[in-house]
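Each residue takes its place number in the sequence, starting with 1. Heavy-atom basis, side chains included; hydrogens, waters and symmetry copies ignored.
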Amino acid sequence: MPDTLALPAGDLARDLAVAEIRSTIVDVPTRRRHKLSSLSVTAQSYVVVELRLANGAEGIGEAATLGGPRWSEESVESIKAAIDRYLAPALIGQPADRFEAAGARMDAAAKRNTAAKSAIETALYDAVGRTLGVPAALLLGGVVRDRFPVLWTLASGDPGQEIEEAEGKLAARLHRTFKVKIGAQDPAADLARLRRLAGALGDRADLIVDANQAWDETTAVRCLPVLGDLGVRLVEQPLPAWNVAGMARLKARTDVPLMADECVFSAHDMLAVAQAAAADVVSLKLVKHGGLLNTRKVAAVAEAAGIGLYGGCLLESSIGAAAHLQAFATLRELGWGCEHFGPQILTDDLAVEPLRFQDFEVLLPAGPGIGVTLDRDKLRRYARG
């Protein structure tokens with residue numbers, strides 16, 4: 001047992017005080033273009049947080065965005081500014097193990113900024129977990145599962161390339177569920193692309209689609225039956241985030257399950273979606289919810305409403321993905337699996353030992369904290385400017 005556990009209570013509190021928080025913007029190239037309805041990326045940007053306690057223990061966290069402030073209002077530039085100017089000063093000298101209190105301090109220092117807060121909270125859990133020699137999942141309630149069905153996203157827009165990519169994943173036993181990003185093209189072109197994918201993959205793979213808010217209600221009403229006929233298992237956020245009432249109308253008239261993503265950032269958002277009967281499933285993301293604790297709160301509201309849970313991502317490296325898995329590991333149900341394939345789409349990773357994928361699953365990393373270690377040589381290599 002670590003010596004710190006035997007310290008008097010006052011010494012332990014001083015030992016766990018936050019001494020330093022540093023943030024670094026990094027840009028890591030992706031193996032191929034990742035195209036959404038409103039943007040495409042060939043490099044993924046992160047803010048990496050390094051947090052040091054008075055006892056010398058260090059924790060890491062990561063905030064991801066997609067293409068700047070177009071998926072949400074945060075960009076890596078704004079995230080770093082919020083951390084350096086407002087959030088870090090609110091926590092310096094405070095006990096790292098009082099996670100709810102740390103969240104309250106950050107909420108008082110800055111509204112929303114959920115990705116920035118998530119990166120810091122992850123670093124808190126990592127540092128405390130390393131001090132105590134336990135995984136972050138134990139601090140959240142304990143592990144229910146240590147492996148997760150994991151899907152791969154097809155997002156180049158070229159069906160020939162996507163079929164080849166999917167075949168490679170199937171042959172390597174990495175992924176057998178594929179999420180297809182749609183909405184960047186005309187709906188007819190997207191449906192034709194999906195027909196090719198469904199015809200090529202057949203019953204060897206499952207397909208879900210993500211419109212990333214690209215459709216209006218009329219388009220969705222026209223397209224959802226076609227998706228159902230093609231065997232699509234799940235449709236993610238077909239309508240703009242503000243149109244929760246429209247999502248409820250769609251859900252009432254389609255047999256294809258609908259997943260809420262951009263319309264659910266907070267537990268209050270989750271409650272509104274549940275009350276409107278606007279979704280069958282919700283996508284959980286630390287960057288949306290503001291950290292591990294709030295992700296569990298959103299999940300609890302969804303579970304109480306009978307809404308299924310899905311582990312969403314923003315192409316995190318192994319650092320951000322490991323943090324998600326620590327939270328997902330504690331959920332009683334995660335019926336729709338997760339999509340934390342991010343480390344595989346990067347040309348390089350930021351962790352010394354990247355996450356492991358095998359037999360169509362991603363494995364929870366072993367070890368204290370979030371279970372992965374920052375590769376500081378990679379941090380320096382990909383640091384911006």
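Proximity of a side-chain donor or acceptor of His340 to a complementary backbone N or O of Val150 within less than 3.5 Å is not detected. In terms of modelled atom types and a separation under 3.5 Å, the side chain of Thr295 and the main chain of Gly291 share a donor-acceptor contact. Put simply, the side chain of Arg31 gets close to the backbone of Leu346: a donor and an acceptor are under 3.5 Å apart. Side-chain atoms of His324 come within 3.5 Å of backbone N or O of Leu286 as a donor-acceptor pair.
In plain terms, the two heavy atoms of Gly311 and Leu334 that are nearest each other are N-CD1, 4.1 Å. Here the closest non-hydrogen pair linking Thr219 and Pro187 is CG2-CG, 3.7 Å. When all heavy atoms are compared, the tightest approach of Leu325 to Leu363 is CD1-O, 3.8 Å. Scanning all heavy atoms of the two residues, the minimum distance from Pro343 to Leu355 falls at CG-CD1, 4.3 Å. Taking every heavy atom of both residues into account, Ala241 and Gln213 meet most closely at N-OE1, 2.7 Å. Of all non-hydrogen atoms in Leu91 and Ile21, the two that sit nearest each other are CB-CD1, 4.3 Å.
For residues 169-191, the ring pair (Phe, Tyr, Trp, His ring centres under 6.0 Å) pairs, not counting sequence neighbours, are Trp152-His175. Among pairs with a residue in residues 256-300, those fulfilling ring pair (Phe, Tyr, Trp, His ring centres under 6.0 Å) read Trp71-Phe265, at least two apart in sequence or across chains. Residue pairs meeting the ring pair (Phe, Tyr, Trp, His ring centres under 6.0 Å) criterion with at least one partner in residues 354-385, sequence neighbours excluded, do not occur; the list is empty.
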For residues 59-67, run the donor-acceptor check on the side chains, cut-off 3.5 Å, and write out each pair with its distance to 0.1 Å, sequence neighbours left out.
residue	atom	partner	partner atom	Å
Glu62	OE1	Ser317	OG	2.4
Glu62	OE2	Ser317	N	3.1
Glu62	OE2	Gly320	N	3.3

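Heavy-atom contacts from other residues, nucleotides or ligands closer than 6.0 Å to CD of Glu164 number 12 or fewer. Atom CG of Asp186 is surrounded by more than 12 heavy atoms from other residues, nucleotides or ligands within 6.0 Å. Within a 6.0 Å radius of CD in Glu73, more than 12 heavy atoms belonging to other residues, nucleotides or ligands are found. Other residues, nucleotides and ligands contribute more than 12 heavy atoms inside 6.0 Å of the CZ atom of Arg296.
Within the 4.5 Å cutoff, no side-chain heavy atoms of Val273 are placed close to those of Val282. At a threshold of 4.5 Å between non-hydrogen side-chain atoms, the residues Glu339 and Thr177 do not count as touching. At a threshold of 4.5 Å between non-hydrogen side-chain atoms, the residues Leu51 and Leu124 count as touching. Put simply, the side chain of Ile79 does not reach to within 4.5 Å of the side chain of Asn113, judged on heavy atoms. Using a 4.5 Å heavy-atom cutoff, the side chains of Leu350 and Leu379 are not in contact. At a threshold of 4.5 Å between non-hydrogen side-chain atoms, the residues Pro365 and Arg356 do not count as touching.
Using a 4.5 Å cut-off between side-chain heavy atoms of Ile, Leu, Val, Met, Phe, Trp and Tyr, Ile208 falls into a hydrophobic cluster with Leu151, Leu234, Met259, Val281, Tyr310, Trp336. Under a 4.5 Å side-chain heavy-atom cut-off, the cluster of Ile, Leu, Val, Met, Phe, Trp and Tyr residues that includes Tyr86 has no other member.
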Begin from the C-alpha positions of Glu361 and Arg173 and carry the test salt bridge (charged side-chain N to carboxylate O under 4.0 Å, His left out) through to its verdict.
CA-CA 9 Å; Glu361 295 179 317; Arg173 296 185 61 80; over 6 Å; no

Check your understanding: Where do Ser266 and Asn294 land on the side-chain hydrogen bond (donor to acceptor under 3.5 Å, both in side chains) test, with the steps shown first?
Key -> CA-CA 8 Å; Ser266 68; Asn294 283 338; over 6 Å; no

Steps toward side-chain hydrogen bond (donor to acceptor under 3.5 Å, both in side chains) verdict (Ser23, Lys80): CA-CA 6 Å; Ser23 67; Lys80 178 172 172 54; 3.0 Å; yes

Note to self: Go through it in stages, so that I can follow the logic: the residues are Glu100 and Lys297, the test is salt bridge (charged side-chain N to carboxylate O under 4.0 Å, His left out), and I'd like the CA-CA distance, side-chain angles, deciding distance and then a yes or no.
What the structure shows: CA-CA 12 Å; Glu100 283 284 6; Lys297 291 173 184 177; 3.1 Å; yes

- Query: Passes side-chain hydrogen bond (donor to acceptor under 3.5 Å, both in side chains), Asn212 versus Glu262? Steps please.
  - Reply: CA-CA 8 Å; Asn212 282 118; Glu262 288 92 341; 3.1 Å; yes

Step by step, work out the salt bridge (charged side-chain N to carboxylate O under 4.0 Å, His left out) result for Lys285 and Asp261.
CA-CA 9 Å; Lys285 296 175 182 172; Asp261 182 15; 2.8 Å; yes

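Between Asp280 and Lys251 a salt bridge is recorded (basic side-chain N to carboxylate O distance below 4.0 Å). Between Lys169 and Glu162, no side-chain nitrogen of the basic residue sits less than 4.0 Å from a carboxylate oxygen of the acidic one, so the salt-bridge criterion is not met. Of the charged side-chain nitrogens involved, none lies within less than 4.0 Å of a carboxylate oxygen, so that Lys117 and Glu74 do not count as a salt-bridged pair. The pair Asp348-Lys378 meets the salt-bridge criterion, since a charged nitrogen lies less than 4.0 angstrom from a carboxylate oxygen.
Take Glu167 and apply the side chain to side chain contact (heavy atoms under 4.5 Å, CB included) test, not counting sequence neighbours, and it matches Ile163, Leu170, Leu201, Arg204. When the salt bridge (charged side-chain N to carboxylate O under 4.0 Å, His left out) test is applied to Arg380, the partners found at least two apart in sequence or on another chain are Asp377. Taking Glu333 as the reference, nothing meets the salt bridge (charged side-chain N to carboxylate O under 4.0 Å, His left out) condition, with sequence neighbours excluded. With sequence neighbours left out, Val144 forms a side chain to side chain contact (heavy atoms under 4.5 Å, CB included) with no residue at all. With sequence neighbours left out, the side chain to side chain contact (heavy atoms under 4.5 Å, CB included) criterion links Arg22 to Glu20, Glu50, Glu58, Arg376. For Phe148, there are no ring pair (Phe, Tyr, Trp, His ring centres under 6.0 Å) partners at least two apart in sequence or on another chain.
Side-chain polar atoms of Arg105 and Gln94 form a donor-acceptor pair below 3.5 angstrom. No donor-acceptor contact under 3.5 angstrom links the side chains of Gln44 and Thr30, judged on distance only. Using a 3.5 Å distance cut-off with no hydrogens or angles, the side chains of Asn55 and Thr131 do pair a donor with an acceptor.
In the hydrophobic clustering of ILVMFWY residues, with side-chain heavy atoms under 4.5 Å counting as a link, Leu309 and Val143 come out together.
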